[in-house]
Chemist: 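Below you will find the structure I want to go over with you.
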Amino acid sequence: MKWVLLAFLFWLVMCAINVRLANGPQTRLTKVLVPTLFGVTLLVLWEGLVWGLSISPILLPPPSSIALRFSTSLPILWGDFVQTFIKGALSGYVIGCGAAFLTAVAVDRSDFLKRGLLPIGNFVAALPIIGMAPILVMWFGFDWQSKAAVVVIMVFFPMLVNTVTGLGAQDAIQRDLMSTYGASYWQRLMKLGLPAAMPFIFNGLKICTTLALIGAIVAEFFGSPIRGMGFRISTEVGRLSLDMVWAEITVAALAGTAFYGTVALIEKAVTFWHPSQRN
Amino acid sequence: MTDFWHRAGPVLTMILLLVGIWYGAAVALNMTWAKDKAARADQSLSFSELVADTMVQEKPLLPAPHQVVKEIYNTTVLKKITSKRSLIWHGWITLSATLLGFAFGTALGILLAIGIVYSRAMDMSVMPWVITSQTIPILAVAPMIIVVLNAVGVSGLLPKAIISMYLSFFPIVVGMVKGLRAPDQMQLDQMRTWNAGKATSFWKLRLPRSMPYLFASLKIGIAASLVGAIVGELPTGAVAGLGARLLAGSYYGQTIQIWSALICAAVLAASLVALIGLIERITLRKMGMLQ
Amino acid sequence: MSETVISAKNLSLTFQTNDGPVHALKDINLEINKGDFISFIGPSGCGKTTFLRVMADLETPTSGTIEVNGMSAAEARMQRAYGYVFQAAGLYPWRTIGGNIRLPLEIMGFDKADQAERVARVLELVELSGFENKFPWQLSGGMQQRASIARALAFDADILLMDEPFGALDEIVRDHLNEQLLKLWARTEKTIGFVTHSIPEAVFLSTKIVVMSPRPGRISDVIESTLPRDRTLDIRETQEFADIAHRVREGLRAGHAYD
């Protein structure tokens, strides 16, 4: 019981500190410190509650045992990471987003295609694409190719919709200027269309990082060689060794955050001129 | 009228084109099996006979559209709603988890958004974690959540609803925070010159102004909720629901069953989003905010 | 020595809208000579911007003819016969000021050395030297418009078309830019078409003022200015200036601008 009390005390103290920091001047340090303290508090609370309330580790392992399992399973975790993230998610992401981008440029030339494909694209982007996983496993086999295929389908339509919207995002004056210079289609595309579309393209790329990871992992539930994050999660759940499951979740969270963060950094460099990046 | 055709014409053309491509792909993919079957039966079939065969296979690699339509018809209209084979029954199982999770997610999302907008401390501590939470692929974690909750006696509808809730609350938090912060400084200052308190300012300014953002997020949220409910059905050994039908179909190689469950899920998703769109139009029209 | 550069004969433009046809321009007849500074003034809906856009081949007339440099407006556009300045600067935010001025030069195929020389030259003309590596959002509204004018001058087109370029700026900046524009015009000897809704601006800048009225868009008066080509801001205090402004106002009244 004393663990529970200690944990709550810690939480109260941290809350007070956080409120103090939040209401003070906002510096780069406080912007990082406040959420970090919040996160650390959650972990301490978690640990305290598990010990204090004697929760079975089969149900909810404390952070300490997860950390232990993590550090002793690095080779397995790395192998799973390569299988799922690098081979499945990343390749599907590159193929899917690339194909969507090229399709969007082609679609942009034809108003008819735009009016026809955009509503369909919006529709398909809202569908539970993940349901196609079993079909794709049947077509492409158990290994990473079927997972990449799932990712391609999942990222294609959101990326397509975002890129087409972006290519239409120039204002009338910028377009008329191109007419007064007698610019060709390609000159218009390279010098105006694409740069103006970058904020939308990156919005799509960021959304697709999350979709890619989820797609690759969940697709493994439907069939996988004896490697992969999704495979590991479902088998370890079956064995009730949840600390391994949490270790895999940690890898997934780290990979997801790093992936998203990398794309966001590139976005900052490319769209430095956009008001949202300047505030 | 011409405006309708101007907008619907290209879409309908595209759909017809896609259906045509689907038929073509079905012929192409099922052709190998058709040829093998003919070879084993020592028959030599003409091309058109082979094509005809690709349209009626029992476990085709790619079912033809009419096969899927027939299967859906068989399992919806021709079955009693209470039968365990009825697609409508399975659809209802998934739908109930979706709606419950969506309701939780919306409530949680709105509360969090209000907290984030009104408390600096919450804004700085919670918002980064809300964003990070989306990089944790919750769908991947669904099996664990189901098993854990089952072990403490929570089973059936609730665990799936919790997964749906997790997936839908994020777009709603982000949308509501944007919406509640939408009034510009001028409008907020005006409220203060009228000595309006925080509550009045909330109900009369921030909340109405956030409606368009809220509805946009609700549409994303409900689609995410449905995906959550479907994936939540996978780990429990595939008993009931559309996700279960998908899994069962994939275990037994019943491709037509897989496709019919998939189409049913797609129709469900589209109808839910359209329903929210309808509610949005009615609400915004009453508020005079329809664009 | 005054050759006709732009010639409009019986020019009409009707827009088909949901509320019926809109006669933006009806039977416009106008000749613009080389070296003219011609202003178009009138209330909203009188067609002044539409006419400017017709000259630039950004709109197509429904009847009548328009000739620029002896050829059709479309051909003149492909020959890059004019520079256009819009109401808003329209600078591309992902390019520096120098990059924005280089934009038409890149499209038209000037070589790198030529581009650099031209950029330096036009920046000096609009007194923005040293701002080459700044981004548009780092400049004030007035400076952005000056950059936009520089961009229109970069490729040495003989004609400059300007659509209310100073409309969004305050009066003091406006006065300063008007002076600069006149100096520029004297130095470069271009033909300038200028749309404005400010009577003092039209009278101060032009050699010829075209007064237009709406519904349908037509010319109600063409005034040849008697003011000397070489002017300073002080000329606005003279009787001659007031007389011309009076005549403009009469033209506007005749065209029901004040109804």
Chemist: For B/Ile222, is it the side chain, the backbone, both, or neither that has a heavy atom closer than 4.5 Å to a heavy atom of chain A?
Modeler: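 No part of B/Ile222 comes within 4.5 Å of chain A.
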Chemist: Between atom CZ of A/Phe142 and atom CZ of A/Phe231, what is the distance when rounded to the nearest 0.5 Å?
Modeler: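 Spacing of CZ (A/Phe142) from CZ (A/Phe231) equals 11.0 Å.
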Chemist: side-chain contact (heavy atoms from CB on, under 4.5 Å) with B/Asn30: which residues, sequence neighbours excluded?
Modeler: B/Ala26, B/Thr54, B/Gln57, B/Pro60, B/Leu61, B/Leu62
Chemist: Answer with side chain, backbone, both or neither: which region of A/Val218 has an atom nearer than 4.5 Å to a non-hydrogen atom of chain B?
Modeler: side chain
Chemist: Heavy-atom pairs under 4.5 Å with chain B: which of A/Ile249, A/Leu254, A/Val137, A/Val245 has the most?
Modeler: A/Ile249
Chemist: Under 4.5 Å from any heavy atom of chain B, what part of A/Ile233 do you find: side chain, backbone, both or neither?
Modeler: side chain
Chemist: For B/Leu29, is it the side chain, the backbone, both or neither that has a heavy atom under 4.5 Å from a heavy atom of chain A?
Modeler: side chain
Chemist: According to the side-chain hydrogen bond (donor to acceptor under 3.5 Å, both in side chains) rule, which pairs have a member within residues 253-262 of chain B, sequence neighbours left out?
Modeler: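 Non-adjacent pairs meeting side-chain hydrogen bond (donor to acceptor under 3.5 Å, both in side chains): zero.
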Chemist: If I compare all heavy atoms of B/Gly243 with all of B/Glu233, which pair ends up nearest, and what's the gap?
Modeler: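 Where B/Gly243 meets B/Glu233 most closely, the heavy atoms are N-OE1, 2.6 Å.
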Chemist: Give me the one residue out of A/Leu213, A/Ile217, A/Asp80 that meets side-chain contact (heavy atoms from CB on, under 4.5 Å) with A/Phe85.
Modeler: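 Only match with A/Phe85 under side-chain contact (heavy atoms from CB on, under 4.5 Å): A/Leu213.
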Chemist: Do any of residues 159-172 of chain B come closer than 4.5 Å to chain A, heavy atom to heavy atom, and if so which ones, in number order?
Modeler: none
Chemist: Give, for atom CZ of A/Arg227 and atom CH2 of A/Trp144, the distance between the pair rounded to the nearest 0.5 Å.
Modeler: 12.0 Å
Chemist: Using side-chain contact (heavy atoms from CB on, under 4.5 Å) as the criterion, list what pairs up with A/Val13, not counting sequence neighbours.
Modeler: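 side-chain contact (heavy atoms from CB on, under 4.5 Å) check on A/Val13 returns A/Ile17.
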Chemist: Is it the side chain or the backbone of A/Met132 that comes within 4.5 Å of chain B heavy atoms, both, or neither?
Modeler: both
Chemist: At their closest point, which heavy atom of A/Leu113 faces which heavy atom of B/Met14, and how far apart are they?
Modeler: CD2-CE, 3.2 Å
Chemist: Just how far is it from atom CZ of A/Phe70 to atom CE of A/Met244, taken to the nearest 0.5 Å?
Modeler: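 Those atoms lie 9.5 Å apart.
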Chemist: Measure A/Ile120 against the heavy atoms of chain B and call it side chain, backbone, both or neither at under 4.5 Å.
Modeler: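 Contact with chain B is through the side chain of A/Ile120 alone.
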